[in-house]
Amino acid sequence: MNVPTLFGLCAAALVGFGLYGVITNPQPLRKILAFNLIGNGVFLLFGAIARRGAAAGFGGDPVPQGLLITGIVVAFSATALAVALLLRLFQATGSATLADDQPAKAEADDLHA
Amino acid sequence: MTTPGGWLLVLAVLMPFVGVLAGLVFGGRYAQHVALVILLPGLGLALAIADALARSGDTLVYLLGGWVPPLGVALRADGLAAAMLAATAVVICGIAVYAWADFATPSGVREARAPLVFWMLLLAVWGSLNLVFVSGDLFTLYVALELLTFAAVPLVCLDGRGETLRAALRYVLFALLGSMLYLLGVVLLYGAYGTLDIPLLAARVRPEPIAWVAAALMTTGLLAKTALFPLHLWLPPAHAGAPAAASAVLSALVVKGSFFLVVRLWFDVMPGVVTPPSAQLLAALGAGAILFGSVVALRQARLKLLIAYSTLAQIGYLFLMFPLGFNALSSELQRGDALTGGLLQAISHASAKAAMFMAAGLIYKALGHDRIAELRGIARALPMSVLAFALGGVALMGLPPSGAYLAKKLLLEAAAETGQWWWDLVLQAGGFFTASYVVLVLAHVLWPADHSINLRARIPRLQEAAALALALCSMLLGLVANGPVSFDALLITLKELWSAILLFIGGGVLALGLGQRLPPVAVGDVTLASVVRRTTVAAGGMFEQADDVLRRWPVAGLSLLVLVIAFIAAMV
């Protein structure tokens with residue numbers, strides 16, 4: 001097994017763990033962390049692809065590296081936005097759950113009653 | 001190469017963002033004026049792009065920094081992009097006129113959070129949408145899509161209530177999951193073909209496993225962002241909880257961004273990779289959205305939630321065009337009448353839905369509530385708002401000469417041409433379902449009140465006019481869509497008149513059968529009718545329960561994974 005393949009497999013594992021976490025964890029903060037795990041998996045895969053596409057004289061294909069940095073910035077901003085929302089939610093309601101099991105309609109009805 | 005007029009595309013993307021920054025610098029009440037300064041030239045710019053495109057007859061291209069793809073990044077505007085740019089500009093301007101009074105900084109205050117944020121985000125949504133429409137490569141599209149989400153999420157929770165914060169958090173988490181799937185697909189495509197530029201990629205991509213996986217991942221990710229059934233867990237609370245002007249932005253425009261990207265992906269990047277079965281699957285989800293969205297809409301107690309569920313159903317309608325776009329001979333996806341129809345439907349939904357949310361917002365403001373059962377007599381108190389709502393609804397139903405009417409005609413023709421009679425049925429049924437919730441609301445608001453209505457607030461004429469203008473845009477779109485102005489569409493034949501009446505009757509029957517809250521006229525005591533109604537209402541209740549289950553997070557997450565696998569299986 002060569003190095004890019006190994007990293008590719010690691011990336012697949014990260015994406016898998018992340019997906020599992022986002023779907024099954026009820027806690028929003030854990031969902032945010034799991035989302036970052038997926039992101040890291042995708043970025044690692046991109047890095048492995050860059051390495052595989054190395055041309056003569058280059059350590060790697062530079063285009064994915066450029067895109068990778070952008071992707072990391074975007075994922076960072078997304079995380080910041082989600083955490084900020086979570087903090088506001090905690091301040092406003094005193095709890096930090098998505099309240100999946102309560103139908104949102106009933107809550108809204110109460111509020112407007 | 002950069003074509004003449006290509007620089008207009010840069011301006012279309014740049015100007016709104018310059019406005020965002022200027023709003024941030026000047027702050028306070030100036031943000032609103034900055035928005036005004038940007039909006040009018042922006043509208044002119046969108047029309048100038050359409051004009052330049054019509055004159056050159058070829059795609060407008062701008063190469064950033066003069067670098068040629070695959071190394072550089074290109075902005076491109078074809079007919080699709082120009083149409084969406086123009087429609088977005090018109091709807092944004094309509095919403096801005098409406099929001100002018102609602103989001104004014106109160107006098108005596110130097111800066112208020114909601115107005116400042118609203119005006120900056122309105123411009124940010126506009127700029128991101130413009131970038132989605134003109135981007136020429138898949139990674140820039142990813143960035144544009146994320147920008148759009150970042151701008152849209154805070155609009156959901158402008159008033160800072162716990163409910164809306166929760167809705168916003170659900171929205172951002174699910175949207176991020178979707179964008180990660182999209183990005184994963186992009187990465188796979190780059191790994192396989194070494195470019196992300198749309199025309200270059202379209203020339204290189206072949207139907208093989210990696211392309212199938214990438215297409216399935218990207219499509220599913222985008223569907224999560226578009227809130228196509230069954231991935232709609234975030235849409236109803238987010239769209240119904242936001243202030244009316246924000247709901248209009250979210251429902252009319254934001255979901256169209258990711259929808260447009262699905263269109264780009266399927267028609268421009270991978271027309272040879274996607275297969276008829278995968279398109280059937282996509283449209284089947286659309287049919288499910290129409291059924292669930294409409295039935296659950298009929299059971300809502302509040303007007304804004306009804307409109308939010310109607311958005312769900314209308315999103316489904318947009319996806320019906322995909323199986324109709326296949327060329328029967330080459331079995332490749334092709335630009336044609338089906339695509340035109342689908343896009344026309346998207347544009348007419350944008351203006352009609354914005355008008356409906358705006359009208360609902362005015363009704364809420366005047367009454368202090370929007371409970372459908374208590375809206376009796378409101379048509380007399382707020383005639384213009386109700387007219388805007390009715391026109392928007394009727395335009396969505398597809399009555400001539402609305403844009404949706406023309407769209408439906410094009411889609412029906414495409415269905416007949418490709419011999420897919422089942423989509424013909426779904427299209428017709430979709431019209432009846434749309435009619436059902438419009439008729440339900442109209443029956444309530446037109447019913448005379450049993451006591452006098454005292455309005456809590458005076459409704460500015462300007463706001464009503466903005467809603468009415470957008471509804472009229474949607475209603476008259478059918479006249480202008482075919483060229484300058486063709487009045488052929490006004491010549492309604494007897495058959496069309498009959499089908500319009502039938503639409504109202506069918507919608508009324510559906511509303512009688514499935515609507516949970518009916519105006520007094522419907523309460524009859526004929527035994528058979530009441531037995532039938534009890535059965536149908538119970539069936540509707542089952543749909544609502546199923547919808548509640550589908551909107552739970554783990555179920556929606558699993559649906560996402562199942563859809564990825566199903567799309568891969570359908571493409572093999």
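A, B, ... follow the sequence lines: proteins, then strands. Residue 1 opens every chain. Since this is a predicted model, take the numbers as computed values, not measurements.
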Next item on the list: Fit a plane to each ring of A:Phe46 and B:Phe139, take the angle between them on a 0 to 90° scale, and name the class: parallel (under 30°), tilted (30 to 60°) or perpendicular (over 60°).
Entry: tilted
Item checked: Residue pair A:Arg51, A:Val3: steps toward the side-chain contact (heavy atoms from CB on, under 4.5 Å) verdict -> CA-CA 9 Å; A:Arg51 179 81 186 131; A:Val3 176; 5.7 Å; no
Next item on the list: Let me know if B:Leu147 has heavy atoms under 4.5 Å from chain A in its side chain, its backbone, both or neither.
Entry: neither
Next item on the list: Pick one of side chain, backbone, both or neither for A:Val15, based on which atoms fall under 4.5 Å of a heavy atom in chain B.
Entry: side chain
Check: In chain order, what residues pass the side-chain hydrogen bond (donor to acceptor under 3.5 Å, both in side chains) check against B:Thr195, with sequence neighbours excluded?
Finding: none
Checklist line | Qualifying side-chain hydrogen bond (donor to acceptor under 3.5 Å, both in side chains) pairs, either residue in residues 2-23 of chain A, two or more places apart | finding: A:Asn2-A:Thr5
Item checked: Proximal component of B:Phe174, with respect to chain A [non-hydrogen, under 4.5 Å] -> neither
Check: Is there a side-chain contact between B:Trp553 and B:Leu233, using heavy atoms and a 4.5 Å cut-off?
Finding: yes
Check: Do the charged groups of B:Arg302 and B:Asp370 touch, with an N to O distance under 4.0 Å?
Finding: yes
Check: Would you call B:Lys225 and B:Glu146 a salt bridge, using N to O less than 4.0 angstrom?
Finding: yes
Item checked: Between B:His239 and B:Ser247: side-chain donor-acceptor atoms closer than 3.5 Å -> no
Check: Is chain A contacted by the side chain of B:Val187, its backbone, both, or neither, given a heavy-atom distance below 4.5 Å?
Finding: both
Next item on the list: Would you mind checking which part of A:Leu81 comes under 4.5 Å of any heavy atom in chain B, side chain (CB onward), backbone (N, CA, C, O), both or neither?
Entry: side chain
Item checked: Choice from A:Pro64, A:Ala92, A:Gly39 maximising heavy atom contacts with chain B below 4.5 Å -> A:Pro64
Next item on the list: Select, from B:Asp547, B:Val186, B:Leu177, the one with the greatest count of heavy-atom pairs under 4.5 Å involving chain A.
Entry: B:Leu177
Checklist line | Side chain / backbone / both / neither for B:Val153 at chain A, heavy atoms under 4.5 Å | finding: side chain
Note to self: Only pairs of heavy atoms separated by less than 4.5 Å count here; which of B:Thr164, B:Leu169, B:Val172 has the most with chain A?
What the structure shows: B:Leu169
Notebook entry, point to check: Counting heavy-atom pairs under 4.5 Å to chain B, which of A:Leu67, A:Val22, A:Val74, A:Ile38 comes out on top?
Noted result: A:Leu67
Next item on the list: Give the member of B:Leu71, B:Leu173, B:Thr149, B:Leu181 that has the highest number of heavy-atom pairs under 4.5 Å with chain A.
Entry: B:Leu173
Check: What part of B:Leu196 gets closer than 4.5 Å to chain A, counting heavy atoms only: side chain, backbone, both or neither?
Finding: side chain
